[in-house]
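These notes are about the structure you will find just below.
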Amino acid sequence: MVRAAVAGVIGFMLIFIESMIVMKFKGYETIEFGGIAPFINVWAMNFFFAFAILTQVTNWITSKSKLEEDKSY
């Protein structure tokens, strides 16, 4: 549950980071997303990207802690 909430926030922040990069490269002042539906689509793509990364990090931390428990005898 926490992972989904964090992924939602990260996905929202990634929209603005991606927008700033596009505006800098293309020399735009603003970006028009074309409505709420395309904006939600971009956010959903970023959400699942962040969720997948957070899942891998969680699995890595869990396996790392199990390895350290096995070595500490």
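- Among residues two or more places apart in sequence or in another chain, the side chain to side chain contact (heavy atoms under 4.5 Å, CB included) test is passed with I21 by I17, F25.
- Under the ring-ring contact (aromatic ring centres under 6.0 Å, His included) criterion, F48 pairs with no residue, sequence neighbours left out.
- Contacts of I40 classified as side chain to side chain contact (heavy atoms under 4.5 Å, CB included), with partners at least two apart in sequence or in another chain: I36.
- Under the 30°/60° scheme for interplanar angles, the aromatic rings of F47 and F51 are found to lie parallel.
- Applying the side chain to side chain contact (heavy atoms under 4.5 Å, CB included) rule to V9 yields the partners M13; only residues at least two apart in sequence or on another chain are considered.
- The stretch residues 34-58 participates, sequence neighbours left out, in these side-chain hydrogen bond (donor to acceptor under 3.5 Å, both in side chains) pairs: E18-N46.
- A 6.0 Å sphere centred on CZ of F33 holds more than 12 heavy atoms belonging to other residues, nucleotides or ligands.
- Remark: M23 pairs with M20, Y28, I31 by the side chain to side chain contact (heavy atoms under 4.5 Å, CB included) rule, at least two apart or across chains.
- Here I10 contributes atom CD1 and F49 contributes atom CZ; the two are 10.0 Å apart, rounded to the nearest 0.5 Å.
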